[in-house]
Amino acid sequence: MNKPAKAATRTAITPTRAEDFPEWYQQVIKAADMAENSPVRGCMIIKPYGLAIWENMVRIFDPWLKDYGVQNASFPLLIPVSFLSREAEHVDGFAKECAVVTHHRLEAGENGLVPTAKLEEPYVIRPTSETIIGDAMARWIQSYRDLPLKLNQWGNVMRWEMRTRMFLRTSEFFWHEGHCAFENAEGAKSDCLTILDFYEKFFRDYCAFSGFKGVKTPEERFPGADQTYSFESIMQDGKALQAATTHDLGQNFAKSCGIKYQGRDGAEHFVHTTSWAFSTRVIGGLIMMHADDDGLIMPPRIAPQQVVILPVIKDDSSAPQIMEFCSGLAAKLKAQGLAVRLDNRELRTPDKMWDAVKKGIPVRVEIGGREAQDQAVTFVRRDLGRESKTTLSAEAFLQEIGKTMDAIHESMLERSRAFHAENIVEGKTLNDLKDYFAAGKTGLVKVPVELLKEEKLAEVKAEYGLSARNMPFEDEGRKVLIGRAY
RNA sequence: CGGAGCGUAGCGCAGCCUGGUAGCGCAUCUGUUUUGGGAACAGAGGGCCGGGGGUUCGAAUCCCUCCGCUCCGACCA
């Protein structure tokens, strides 16, 4: 009798991506212990492992901004309602999703605490900070010598979303928001493009994200912007994710906030401002881009833990030797600047192993009696799975580990590129677009921009839940990518 | 805010139609044996069955009403 087929196909995450993508996404987050829902509607608790990813993103990206001349600052969480109403389009865009603070005191009432002491002017919890930063800029900028002024803040914002999903869309989310002011339109545009390049580099070289830079169509622009640029990527279910945006705000906010300077010509001019951001949403993108049916797969360069060392102890007699070898190995890896975790928890080895798998730790090292004896290292790459199990001398392993990290990164990026290549198809006509999605296909269709003028486009978009993602730079504005998006 | 579904142990679920002392799997704890890709046995702990109201001798189950969550849509990083 043959043994029943070993549950080799059992996946750490149920359901699988193919069975139910949204549910799979939730389960990956739970399995990796990244975040959980909170008692506050639409807001999540980011757990240590999830926040560690964000902290790495901050650690990597922040120096780039500083190097480019951006200074960090911090503006209030609360914004006077009157500030928000300064820019007409901006109001339109955000008013509906603002949380409003109207009182400043609680008193015991019949059914518990009730707000008393109404504020004369309510505040909104910032959905974004253009207006309050603009107000400060108006005071800080007098002369062309004060320009450019480049500011950024790392913080949280709140948008009262109708429908939330962990990381991808939550009412409160963390981000950085850059706000810059320039003498002229060229300065602002160049800022938008420079930062967009930073974003592309960040996603490509650290998150192993393929994607495309481009210009937003007018209807997809940020409220109050003259031009919005974005970096977008396609997730494993074929839907696009806007990973980061930069906005050329022209003189719109300068005029509504009164940001003026005396120019080289002695006359008074309005500045040109920009704003740009990426958020904790990117963490959701990491999951949907890279994770598989066994859970997360972290790109090595932003992984909170890059190497996990699992001692495999069979009997207590060999334990001290194994642990000593493990500690030594951990110390040497740390000395190379790697984030190492020696998992000496009192759990069974398979449980620790699956924990490492579900957290997507790039390299898992297993050290048992044999390795300790031979001064060797057995390791597995998370992106390749158990087939990649390799044993090297400790010396060789320590020499190669940096290259292994790079190789994992490159292979993840390559996978992402291949996926993008397969999921962007060219179309010419509205019917091409319609037929593609009518056939149940996913991904994006690249069509000539002239199609945006067709009246029937709205119908097709509505029918299949499509939107214009952006007009990729590589096509010089002649084409636009259309598809479903997060 | 519209449409659909769901709230029962830490997690995943059954029980509800047809009311009668709350169950299963995993996880947890204890012990023993184990341990190189998801261990076995034995025992134990753990629940205001989302909240409130009703019907009833009796409600997880029937009715009303809130609240929350998930998915699809509209809105959006």
Side-chain angles (χ1 to χ4, degrees), chain A residues 6-15 20-23 25-27 30-31 33 36-42 44 92-98 127-128 156-177 199 216 219-223 228 230-232 240-247 275-285 294 310-316 318-319 322 347-358 364-372 378-380 385-389 391 461-467 484-486:
Chain A
K6 192 180 163 218
T9 49
R10 180 175 168 192
T11 56
I13 305 295
T14 43
D20 184 346
F21 195 84
E23 180 60 22
Y25 173 80
Q26 303 271 121
Q27 293 305 325
K30 190 182 286 185
D33 206 26
E36 64 185 32
N37 276 315
S38 77
V40 184
R41 180 200 181 107
M44 62 177 174
D92 258 12
F94 288 107
K96 291 188 296 287
E97 50 191 60
C98 282
T128 175
N156 53 344
V157 290
M158 175 159 280
R159 298 179 187 176
W160 210 260
E161 297 290 346
M162 290 171 178
R163 192 177 142 214
T164 59
R165 294 129 84 69
M166 284 214 227
F167 290 111
L168 293 176
R169 175 157 295 104
T170 45
S171 290
E172 181 189 19
F173 60 88
F174 288 78
W175 71 351
H176 72 270
E177 48 176 326
Y199 288 148
K216 285 291 199 184
E219 58 180 349
E220 300 288 335
R221 259 178 220 149
F222 178 79
T228 289
S230 69
F231 179 89
E232 317 230 356
L241 182 82
Q242 178 178 304
T245 47
T246 67
H247 311 294
S275 67
W276 27 262
F278 72 74
S279 73
T280 37
R281 144 179 270 204
V282 173
I283 296 173
D294 284 331
L310 301 186
V312 181
I313 293 168
K314 255 185 176 160
D315 54 85
D316 292 342
S318 61
I322 292 173
L347 289 176
R348 286 178 296 111
T349 304
D351 291 339
K352 296 188 200 178
M353 182 202 82
W354 282 106
D355 187 51
V357 170
K358 290 185 283 194
R364 183 176 77 248
V365 170
E366 296 173 3
I367 301 295
R370 277 206 296 280
E371 284 83 1
T378 297
F379 69 99
V380 179
R386 67 184 68 172
E387 310 304 324
S388 67
K389 186 179 272 200
T391 301
K461 276 161 70 178
E463 186 173 358
Y464 299 104
L466 310 176
S467 57
R484 304 222 296 144
Y486 278 98

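Below, read A as the first sequence line, B as the second, and so on, with proteins coming before strands; counting in each chain starts at 1. This is a predicted model, so every value here is computed, not measured.
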Between [X] and [Y], is there a side-chain N and carboxylate O pair less than 4.0 Å apart?
{"X": "Glu161(A)", "Y": "Arg41(A)", "result": "no"}
{"X": "Arg364(A)", "Y": "Glu366(A)", "result": "yes"}
{"X": "Arg348(A)", "Y": "Asp351(A)", "result": "yes"}

Would you classify [X] as touching base, sugar-phosphate or nothing, given that sugar-phosphate means primed atoms plus P, OP1 and OP2, and contacts are heavy atoms under 4.0 Å?
{"X": "Ala244(A)", "answer": "nothing"}
{"X": "Ser230(A)", "answer": "nothing"}
{"X": "Val380(A)", "answer": "base"}
{"X": "Thr245(A)", "answer": "nothing"}
{"X": "Arg364(A)", "answer": "base"}
{"X": "Leu168(A)", "answer": "base"}

*Choosing from A77(B), A74(B), C75(B), which nucleotide comes nearest the side chain of Glu97(A)?*
C75(B)

Can you measure [X] atom [atom1] to [N] atom [atom2] for me and round it to whole angstrom units?
{"X": "Glu463(A)", "N": "A74(B)", "atom1": "CD", "atom2": "P", "value": "12 Å"}
{"X": "Trp160(A)", "N": "A77(B)", "atom1": "CH2", "atom2": "C1'", "value": "18 Å"}
{"X": "Tyr199(A)", "N": "A77(B)", "atom1": "OH", "atom2": "P", "value": "13 Å"}
{"X": "Phe379(A)", "N": "G37(B)", "atom1": "CZ", "atom2": "P", "value": "17 Å"}
{"X": "Asn156(A)", "N": "A77(B)", "atom1": "CG", "atom2": "P", "value": "17 Å"}
{"X": "Phe21(A)", "N": "C71(B)", "atom1": "CZ", "atom2": "C1'", "value": "14 Å"}
{"X": "Glu161(A)", "N": "A74(B)", "atom1": "CD", "atom2": "P", "value": "14 Å"}

Rounded distance in Å between the [atom1] positions of [N] and [M]:
{"N": "C11(B)", "M": "U30(B)", "atom1": "C1'", "value": "22 Å"}
{"N": "G5(B)", "M": "C63(B)", "atom1": "P", "value": "15 Å"}
{"N": "G10(B)", "M": "C6(B)", "atom1": "P", "value": "22 Å"}
{"N": "G38(B)", "M": "U56(B)", "atom1": "C1'", "value": "49 Å"}
{"N": "C13(B)", "M": "G52(B)", "atom1": "P", "value": "24 Å"}
{"N": "G12(B)", "M": "C57(B)", "atom1": "C1'", "value": "37 Å"}
{"N": "G46(B)", "M": "A9(B)", "atom1": "C1'", "value": "6 Å"}
{"N": "G36(B)", "M": "A44(B)", "atom1": "P", "value": "29 Å"}

*Excluding sequence neighbours, so at least two apart, what forms side-chain hydrogen bond (donor to acceptor under 3.5 Å, both in side chains) with Asn156(A)?*
Arg126(A), Glu172(A)

_Among residues at least two apart in sequence or on other chains, which ones pass side-chain hydrogen bond (donor to acceptor under 3.5 Å, both in side chains) with Ser467(A)?_
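If we apply the side-chain hydrogen bond (donor to acceptor under 3.5 Å, both in side chains) test to Ser467(A), skipping adjacent residues, the hits are Arg469(A).
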
*asked:* Applying the 5.5 Å / 30° rule, does Trp354(A) stack onto the base of G37(B)?
replied: no

*Residue-phosphate contact under 4.0 Å: Arg386(A) side-chain N/O, G38(B) OP1/OP2*: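 No, no such contact exists.
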
Collect all protein-nucleotide pairs involving nucleotides 65-70 of chain B in which both atoms are nitrogen or oxygen and the distance is under 3.5 Å.
from   : atom 1 : to       : atom 2 : distance (Å)
G68(B) : OP1    : Arg41(A) : NH1    : 3.2

*For C26(B), which nucleotide is its Watson-Crick or G-U wobble mate, given both distances must be under 3.5 Å?*
G10(B)

*Using purine N1 to pyrimidine N3 plus N6-O4 or O6-N4 for Watson-Crick, or N1-O2 and O6-N3 for G-U wobble, each under 3.5 Å, what pairs with A4(B)?*
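The base-pairing partner of A4(B), which may sit in any strand shown, is U70(B).
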
*For the residue pair Phe173(A) and Ser279(A), what are the closest heavy atoms and their distance?*
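Between these two residues, the closest heavy atoms are CD1-CB, 3.7 Å.
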
*Work out which heavy atom in Tyr464(A) is nearest to a heavy atom in Arg484(A); give both atom names and the distance.*
O-CD, 3.1 Å

Taking only nitrogen or oxygen atoms into account, show me every contact under 3.5 Å that the protein makes with nucleotides 34-36 of chain B, one pair per line with its distance.
from   : atom 1 : to        : atom 2 : distance (Å)
G36(B) : O6     : Gly369(A) : N      : 3.3
G36(B) : O6     : Arg370(A) : N      : 3.2
G36(B) : O6     : Glu371(A) : OE1    : 2.8
G36(B) : N1     : Glu371(A) : OE1    : 2.5
G36(B) : N1     : Glu371(A) : OE2    : 2.9
G36(B) : N2     : Glu366(A) : O      : 3.3
G36(B) : N2     : Glu371(A) : OE2    : 2.7

*Is the closest side-chain donor-acceptor distance between His247(A) and Thr228(A) under 3.5 Å?*
yes

*Any side-chain donor paired with an acceptor under 3.5 Å for Ser230(A) and Gln242(A)?*
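On atom types as modelled, these side chains do not qualify, holding no pair under 3.5 Å.
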
Sort me out a list of protein N/O and nucleotides 10-13 of chain B N/O pairs below 3.5 Å, or just none if empty.
from   : atom 1 : to       : atom 2 : distance (Å)
C11(B) : O3'    : Lys30(A) : NZ     : 3.1
G12(B) : OP1    : Lys30(A) : NZ     : 3.3

*Quick one: side chain to side chain contact (heavy atoms under 4.5 Å, CB included) partners of Pro223(A), sequence neighbours excluded?*
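Testing Pro223(A) for side chain to side chain contact (heavy atoms under 4.5 Å, CB included), a comparison that skips the adjacent residues, returns Phe94(A).
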
*asked:* Using heavy-atom distances to pick each residue's nearest nucleotide on RNA chain B, tell me which of Ala243(A) and Met353(A) is more 5'.
replied: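 Residue closer to the 5' terminus by nearest nucleotide: Met353(A).
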
*asked:* With nearest nucleotide decided by heavy atoms, which residue, Glu387(A) or Phe222(A), maps closer to the 5′ end of RNA chain B?
replied: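 Upstream on the strand: Glu387(A).
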
